[in-house]
Amino acid sequence: MTRMNGKRHSPSPLLCRKAEREFHINFEGFIRDLGERGYSPVAVRSYGRAAEHFGRWLCENGIRPCRIVPIHLGTFLRSHLPRCRCPNPGGKSICLCRAALGCFIGFLRRSRILPDQPKIQVVLTGADRLIRAFDQHLERVQGLSATTRRARRRYARELLVWRFGKKPLRIRAVLPRDLFRFVNVQARTLKATSLHALAVGLRSFLRFLELTGRIRRGLAYAVPSPASPPPRPPARVLDRPARLRFLRSFNRGTSVGRRNYAIALCLSELALRANELVDLTLNDVDWRSQTVRLRQTKQRRERLLPLPSPVARALAEYLQRGRPAAAHRAIFVRHRAPVGQALHVDGVRHMIRRAFATCGMEAMGPHTLRQAWATAAYRRGTGLKLIADILGHRSLDTTAPYTQVHIEELRQAALPWPRNRA
Ligand SMILES: [Zn+2]
């Protein structure tokens, strides 16, 4: 008899035996799955013991594997583990058990024993509906990227919460002085760059409200303009010898080294953003025409880039002699457990920073390689417009800082001022 959800109940012995039998079959599958996904023997053992402990507890409560719901995990982790008196329970660390049970539930879902996570029905408030409409406008009409839209949604919500709290939303009651006060309150905690972005975001939200007839015209002009943020310090320049030293530092004798070298070359020769790199799939490379197609770019426009031979060779070498078998089409995948899963953008950042540190240079992120490519292309005489196209920038203003255009260089390039002969 066990206490579950505050109620006492004793499951029938028949149900317990059925649960035990089903759990046993799934447990063996789970251990096999961990091994196949590249988990180390130590991890397989400790995750297995945690899953076995959870399974025993489920069986005692007559819960079959197909009947597991999130509350069972919570009760096991928070109520059972701290008071566990089971004989030989395995690890009792909550962190380890949470990780292990996350994997176990994932396995049950992949094996179709548990249904996919049900969509939670959320009751939307007036503010939620308004912000959802604003987001759709930003996406469908303005074509903004997910990152920009997320920031704009946040600013709009902060304004609504500050102005209305839990009271009903009366958007027409927003006055110019409210906007002035709101920006002033935010100015106490925000840095100049964030404050500038807040003002831009608020104006965008107010213009959307105007456009859809929710407020009177002109309120967007009432958002105060904070002082411009100070100019960014010039980006660190990576010259050609340093770039070559960095690229030569990868150990291409191992499969991970071949993967990391191909990544570094893609960042450095194709000037990709880290998230564009992790989104690359096997279908995006056209070996015959030596091109690579970027589908999920920040500007939501497809870009077709030429694939230089050294990059194509590094990619082919990785695909033939490095990439582990994976169920999906991402080019760059994990070589450690869970093996074969698409590489995450943070993994790429971390790897590049570590590679810079290994060759005795200041640890810099993937963006440095993109910037180094732009600077080198500009110095070779490539036009700013072409560089902007390759980098996927909409505006040349965004591209100019990448090319490290120094004022002294501009001064030398400028035409001599005509002298007044009179
Ligand atoms: Zn226990």
Side-chain angles (χ1 to χ4, degrees), residues 21-58 64-70 72-74 76-77 81 89-118 251 253-263 274-275 277-284 315 317-351 354:
R21 208 166 38 242
E22 286 178 357
F23 177 76
H24 187 70
I25 297 166
N26 286 307
F27 178 69
E28 286 186 346
F30 175 56
I31 296 293
R32 224 178 8 253
D33 181 68
L34 285 176
E36 281 165 9
R37 283 152 60 80
Y39 282 81
S40 69
V42 177
V44 173
R45 206 173 313 126
S46 51
Y47 278 27
R49 289 181 74 179
E52 202 178 0
H53 185 189
F54 180 54
R56 255 193 334 255
W57 177 81
L58 289 174
R64 295 166 55 196
C66 60
R67 296 264 179 254
I68 301 173
V69 287
H72 295 143
L73 287 172
F76 177 77
L77 292 172
L81 276 186
K92 285 210 276 183
S93 134
I94 293 195
C95 271
L96 179 115
C97 289
R98 188 181 288 124
L101 300 190
C103 281
F104 184 52
I105 298 295
F107 164 74
L108 293 179
R109 288 214 171 102
R110 280 196 304 281
S111 319
R112 308 253 171 235
I113 287 152
L114 275 181
D116 282 338
Q117 227 155 4
N251 174 9
T254 66
S255 46
V256 176
R258 281 192 279 273
R259 180 198 67 185
N260 293 349
Y261 176 70
I263 289 177
N275 54 341
L277 180 109
V278 295
D279 285 337
L280 278 183
T281 67
L282 297 169
N283 304 354
D284 296 332
L315 276 176
E317 206 179 326
Y318 168 58
L319 294 175
Q320 286 163 2
R321 298 178 46 224
R323 184 177 180 272
H328 52 82
R329 310 280 297 163
I331 292 187
F332 298 109
V333 296
R334 288 175 59 95
H335 286 230
R336 289 166 124 191
V339 174
Q341 207 167 73
L343 205 59
H344 191 264
V345 70
D346 289 336
V348 173
R349 290 198 186 112
H350 181 68
M351 182 279 283
R354 211 181 37 212

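A quick note: this is a predicted structure, and the numbers were derived from the prediction, not measured. Starting from 1, each residue takes its place in the sequence as its number.
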Check side-chain contact (heavy atoms from CB on, under 4.5 Å) between R321 and all other residues, then give those that pass, not counting sequence neighbours. R258, E317
L34 versus F104: any side-chain heavy-atom pair under 4.5 Å? no
Residues 21-30 side chain polar contacts: donor-acceptor under 3.5 Å, at least two apart:
unit_1, atom_1, unit_2, atom_2, d
E22, OE1, R64, NE, 3.1
E22, OE2, R64, NE, 3.2
E22, OE2, R64, NH2, 3.0
H24, NE2, E28, OE2, 3.4
N26, ND2, E22, O, 3.0

Rounded to the nearest 0.5 Å, what separates atom CD1 in I105 from atom CG in L73? 4.5 Å
Contacts of S93 meeting side-chain hydrogen bond (donor to acceptor under 3.5 Å, both in side chains) (sequence neighbours excluded), chain-then-number -> none
Rounded to the nearest 0.5 Å, the CD1 atom of I331 sits from the CG atom of L277 at a distance of 8.5 Å
Please tell me if the side chains of C97 and L81 come closer than 4.5 Å, counting only heavy atoms from C-beta onward. yes
Please check: side-chain N/O of R323 versus main-chain N/O of V333, any donor-acceptor pairing under 3.5 Å? no
Any chance you could measure S255, atom OG, to N260, atom CG, to the nearest 0.5 Å? 9.5 Å
What's the separation between atom CD1 in I113 and atom CD1 in I68, rounded to the nearest 0.5 Å? 9.5 Å
With side chains defined as the heavy atoms from C-beta onward, is the minimum distance between N251 and V256 less than 4.5 Å? no
L315 side, atom CG; L282 side, atom CG - distance, nearest 0.5 Å: 10.0 Å
Can you give me the closest heavy-atom contact between L96 and A50, atom names plus distance? CD2-CB, 4.4 Å
In Å, rounded to the nearest 0.5 Å, how long is the span from CZ of R329 to CG of N283? 4.5 Å
Mind jotting down which residue pairs meet the side-chain hydrogen bond (donor to acceptor under 3.5 Å, both in side chains) criterion with at least one end in residues 32-49? Sequence neighbours excluded, please. D33-R110, R49-N88
Compile the donor-acceptor pairs under 3.5 Å between side chains in residues 336-350 and protein atoms, sequence neighbours left out, one pair per line.
unit_1, atom_1, unit_2, atom_2, d
H344, ND1, D346, N, 3.1
D346, OD1, R349, NH1, 3.2

Set of residues satisfying ring pair (Phe, Tyr, Trp, His ring centres under 6.0 Å) with respect to Y318, sequence neighbours excluded: F332, H335
Taking the six-membered ring for Trp, is the centroid-to-centroid distance between H53 and F76 below 6.0 Å? yes
